[in-house]
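Accompanying notes for the structure given below.
Since we're looking at a predicted model, the values are computed, not measured. Order of appearance sets the numbers: ligands from 1, and atoms from 1 within every ligand.
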Amino acid sequence: MTTDCNELQERILELKKKRKALILAHNYQTIEIQEIADYVGDSLQLARKSTETTGFDMIIFAGVKFMAEMAAVLSPDVPVYIPDQKALCPLAGYLDAEKIRQKKKEYPGVPVVVYVNTTAEAKSEADMICTSGSAVEVVESLGVNRVIFGPDANLAEYVRSHTNVEIINIDNRGHCYVHNMFDLSMLIELKEKYPDAVSIAHPECPIEVQEAADMVGSTGMMVRTVAESDAKVFIIATEMGLLQQLQKRHPDKTIIPMYEGAVCRQMKKHTLEKILDVLENLPSENIVTVPEPFVPHIREILEKMNKVQGKGPAVPIEVDA
Ligand code: SF4
């Protein structure tokens with residue numbers, strides 16, 4: 001950690017107190033941003049945190065825009081700032097509301113489940129929403145023979161392999177470019193090198209990587225597994241920010257990235273300088289809002305998902321910074 005970085009962190013912490021700001025950082029943020037955050041976690045854990053924490057006047061959400069939108073829906077009384085407005089998730093970009101409407105016309109009466117990685121407008125067209133950790137439970141909770149699903153085709157494949165419900169992709173091309181970087185040869189090579197390691201892949205990875213891994217799960221499941229397992233070495237296929245966090249939290253264990261190039265450029269648009277700028281200048285253009293007509297429906301489907309998720313074992317654990 002450089003002196004400049006330490007100084008920036010100190011100024012942020014000082015101003016954060018003065019402004020009564022809650023800083024939420026996604027698992028994929030840089031370590032220096034994770035260090036100044038009040039909470040670090042996945043998108044839904046952080047959105048929930050914004051509703052559980054009181055006594056603050058603003059939220060700074062260091063994550064991609066759809067995540068800040070969920071915090072804005074769940075915490076309508078405080079402004080939610082995003083440090084860099086261009087931090088948009090390309091996976092969410094695969095699914096616009098019109099594509100969903102078209103699919104609904106093609107399959108009348110079939111419910112639509114969308115992954116949380118979607119825009120507020122796309123969510124407004126969905127019957128249900130899911131996280132990677134709850135996707136199978138959410139699909140099965142509907143009690144139907146088939147569902148329309150999007151935008152991630154790899155996650156759809158994961159759900160397909162765990163349920164008898166027919167999964168109709170909204171867009172077969174939908175994928176997270178970061179998790180799509182992993183391929184089977186990387187895993188085979190690392191398994192040969194570290195035969196005692198436990199390998200874990202995110203369900204946004206290609207299906208052949210999922211099938212060859214010892215475990216498949218969300219970032220919350222990865223955090224829980226590394227903390228609770230007796231294993232000492234883990235090969236993990238997800239974004240580097242989480243791996244750095246895990247290695248820092250568990251110095252007695254060895255965390256091996258399946259591929260060190262797995263870095264989300266959109267998540268990394270946020271910097272300490274940009275967070276400080278928000279605290280100093282409160283730029284109104286960095287406030288994330290959700291069009292009012294979408295809000296009640298999105299809140300309703302988030303609550304429905306919470307109820308389903310609460311019943312199963314896939315509840316993500318909280319990761320405090
Ligand atoms: S890691 Fe993938 S899903 Fe997450 S924000 Fe980046 S592109 Fe989107």
Side-chain angles (χ1 to χ4, degrees), residues 24-31 33-34 37 40-47 61-71 80 82-96 113-123 126 129-135 149-159 169-183 186 200-207 209-210 216-223 236-246 257-271 274 288 316 319:
L24 302 173
H26 190 268
N27 284 321
Y28 297 163
Q29 289 305 309
T30 57
I31 286 294
I33 290 181
Q34 294 188 28
V40 179
D42 66 27
S43 53
L44 202 68
Q45 290 168 330
L46 295 178
F61 204 119
V64 282
K65 191 177 170 200
F66 79 83
M67 300 174 179
E69 285 180 342
M70 286 201 293
V80 178
I82 190 161
D84 187 314
Q85 302 163 68
K86 294 197 196 83
L88 302 172
C89 169
L91 172 58
Y94 275 97
L95 201 55
D96 59 36
V113 177
V114 297
Y115 190 25
V116 286
N117 298 43
T118 42
T119 61
E121 196 188 357
K123 286 185 180 83
I129 197 169
C130 71
T131 58
S132 58
S134 68
F149 190 94
D152 191 280
N154 290 335
L155 179 62
E157 204 54 43
Y158 170 80
V159 177
N169 286 0
I170 301 172
D171 185 338
N172 289 329
R173 296 165 307 162
H175 68 273
C176 159
Y177 76 94
V178 179
H179 288 94
N180 236 27
M181 289 178 188
F182 300 107
D183 75 38
M186 296 171 183
I200 316 176
H202 193 280
E204 287 171 16
C205 293
I207 193 72
V209 175
Q210 297 183 33
V216 179
S218 63
T219 53
M221 173 273 206
M222 291 172 180
V223 169
I236 301 187
T238 195
E239 211 271 354
M240 285 300 291
L242 180 71
L243 275 69
Q244 287 158 353
Q245 178 199 125
L246 288 172
M258 203 178 291
Y259 174 49
E260 285 186 4
V263 173
C264 177
R265 294 190 300 276
Q266 287 69 26
M267 284 281 189
K268 266 46 177 194
K269 281 185 189 289
H270 302 308
T271 59
K274 289 174 188 171
V288 174
V319 188

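The six-membered or imidazole ring of Y94 lies near that of H175, with a centre-to-centre distance under 6.0 Å.
For the residue pair Y28 and T238, a side-chain donor N or O sits within less than 3.5 Å of a side-chain acceptor on the partner.
When only non-hydrogen protein atoms are considered, atom 7 (S) of ligand 1 lies nearest to P90 CD, 3.5 Å. In terms of protein heavy atoms, atom 2 (Fe) of ligand 1 is closest to C176 SG, 2.3 Å. The protein non-hydrogen atom at the shortest distance from atom 6 (Fe) of ligand 1 is C264 SG, 2.4 Å. Here the heavy atom of the protein found nearest to atom 4 (Fe) of ligand 1 is Y28 CE1, 4.0 Å. When hydrogens are left out, the protein atom nearest atom 3 (S) of ligand 1 is N117 ND2, 3.2 Å; that is the closest non-hydrogen contact.
Salt-bridge check for D171 with R173: passed, with a basic side-chain N closer than 4.0 Å to an acidic carboxylate O.
Heavy atoms of E204 found under 4.0 angstrom from ligand 1 belong exclusively to the side chain.
For the pair K123 (side chain) and T118 (backbone), a donor-acceptor distance under 3.5 Å is present. In this structure a side-chain-to-backbone donor-acceptor pair under 3.5 Å is present from Q29 to M267.
Residue C89 does not count as close to atom 2 (Fe) of ligand 1, with no N, O or S atom under 2.8 Å.
Of the residues T30, I33, V64, the one that meets the side-chain contact (heavy atoms from CB on, under 4.5 Å) test with H270 is I33.
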